[in-house]
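Only this structure's heavy atoms are used, side chains among them; waters, hydrogens and symmetry mates stay out. Proteins get letters first, then strands, A, B, ... in listed order; numbering begins at 1 in each. None of the values given here were measured: they were computed from a predicted structure.
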Amino acid sequence: MPQRFNILRAYAKKQHPPNIPSAIYFSHTETTLTIFDAFPKSFFHFLILPRRTSSVSIFDLANLPTLLRKDKFKARETLLGLNSESLRLRAKIEEEMQVRFGFKWDVWIGFHAVPSMEHIHLHVISADLCGKAMRTKKHYNSFSPKSGFFIPLADVLSLFDAAPSYYDTMSEFKKSQYEPKLKEDFVCFHCDLPQRNFPILKAHLLSEFQQLRKQAQRQQERAVDSTGIQGPNKRKREGEDDTSSMSQGPQAKKCQLDEDRPRESQNSIMDLD
DNA sequence: GTTCTAGAAC
DNA sequence: GTTCTAGAAC
């Protein structure tokens, strides 16, 4: 599907990004564009794209190896731009985690070693892998920190301090080295235990997430008990837990951060394909 | 991305 | 027999 392959490049080329469908567009700066991932693999899943500048063309931004080979200084500048935008985004996601889930958890920031679409895109994804579009072993392994296919932005940035030969080797991101990782057996990224098949893994991930949440709630309650001050989140009784409904159904579509977006456009996030 | 299906795993 | 995977076709 050629349209799918080039869709990110088309977004990145937009002179006026807010023209991008509101279900996709999130925000932009002079040098970056942030969009919702159309197929969220976690409760929160965004992409940050570099936009072309006077010194970095749309072709230089085709993929990471191209950018890294082009010009070390400009490559570094581009990636630092993505980095600062990702930190701002993470802060917003954490706010939203607190509001919607009553606690915050990790956010991963990095690239797929072998991307499936043209134009550099940085994944900013919450560390749960319980998203509605998480459906195959390949999906899971492409984000699990255990598989080595997901390359943290920090690792790429550290290449600029490495020996030139190491920089050259690592910045190739060879298919032959990374693609086999997608086929490996899956282990839970929380507890390292192997999972027999995908449905079992999914259920396990959700229960790990719920455990994390309960743990955080207990900690907050302890803080409340010791200070006598009510924390930012109201306590929830067991029956009121809404985690499972967030993993599927209309609730899962609520992965936007800006409260102003109309409900219709939220729904279309998931109906893109 | 989804749907379909042969054959493997249980 | 049922559940699940993975590849092909779309």
Side-chain angles (χ1 to χ4, degrees), chain A residues 1-14 20-26 33-49 62-64 108 110-126 128-144 146-150 175-209 244 246-256 261 263-273:
Chain A
M1 264 163 226
Q3 207 207 333
R4 160 131 256 110
F5 187 67
N6 283 316
I7 188 85
L8 297 183
R9 171 177 280 170
Y11 291 149
K13 279 163 80 171
K14 292 264 188 209
I20 295 167
S22 66
I24 297 295
Y25 173 80
F26 181 69
L33 168 67
T34 302
I35 61 175
F36 295 96
D37 192 296
F39 304 102
K41 307 301 191 294
S42 282
F43 290 130
F44 298 89
H45 190 179
F46 294 83
L47 302 177
I48 304 180
L49 283 54
N63 52 57
L64 215 43
W108 294 324
F111 301 98
H112 277 162
V114 183
S116 54
M117 286 183 285
E118 197 83 337
H119 199 88
I120 289 172
H121 48 286
L122 179 67
H123 290 273
V124 178
I125 181 168
S126 56
D128 50 81
L129 301 184
C130 292
K132 196 186 174 229
M134 173 61 71
R135 281 194 267 247
T136 68
K137 175 194 260 193
K138 203 170 150 182
H139 291 157
Y140 178 77
N141 282 341
S142 74
F143 288 104
S144 167
K146 303 284 173 183
S147 72
F149 188 87
F150 188 80
K175 270 192 186 184
S176 58
Q177 186 186 344
Y178 290 97
E179 271 182 344
K181 296 178 190 295
L182 296 176
K183 301 195 169 183
E184 281 166 18
D185 291 344
F186 27 56
V187 291
C188 170
F189 72 88
H190 296 277
C191 70
D192 265 336
L193 290 177
Q195 304 296 308
R196 194 155 46 81
N197 59 42
F198 198 74
I200 288 171
L201 170 75
K202 279 210 79 155
H204 177 80
L205 287 175
L206 199 57
S207 89
E208 288 276 13
F209 177 74
S244 53
M246 290 268 184
S247 67
Q248 48 185 288
Q251 283 285 338
K253 295 175 179 174
K254 263 185 80 186
C255 66
Q256 89 293 351
R261 253 152 40 94
R263 183 150 284 279
E264 291 71 32
S265 70
Q266 293 170 24
N267 291 345
S268 62
I269 293 174
M270 316 299 294
D271 300 331
L272 263 185
D273 214 21

J.: Compute the centroid of each ring, for A/His119 and then for A/His121, and state whether the two points are separated by less than 6.0 Å.
T.: no
J.: Donor-acceptor pairs under 3.5 Å, side chain of residues 182-192 of chain A to any protein atom, not counting sequence neighbours: which ones?
T.:
unit_1	atom_1	unit_2	atom_2	d
A/Asp192	OD1	A/Lys146	NZ	3.1

J.: Applying salt bridge (Lys or Arg N to Asp or Glu O under 4.0 Å), can you list everything that pairs with A/Glu208, at least two apart in sequence or on another chain?
T.: none
J.: Angle between ring planes, A/Phe150 versus A/Trp108, binned at 30° and 60°: parallel, tilted or perpendicular?
T.: tilted
J.: Answer yes or no: is there a side-chain heavy-atom contact under 4.5 Å between A/Gln195 and A/Tyr140?
T.: no
J.: Please write out each protein N/O paired with an N/O of nucleotides 3-10 of chain B under 3.5 Å, distance rounded to 0.1 Å.
T.:
none

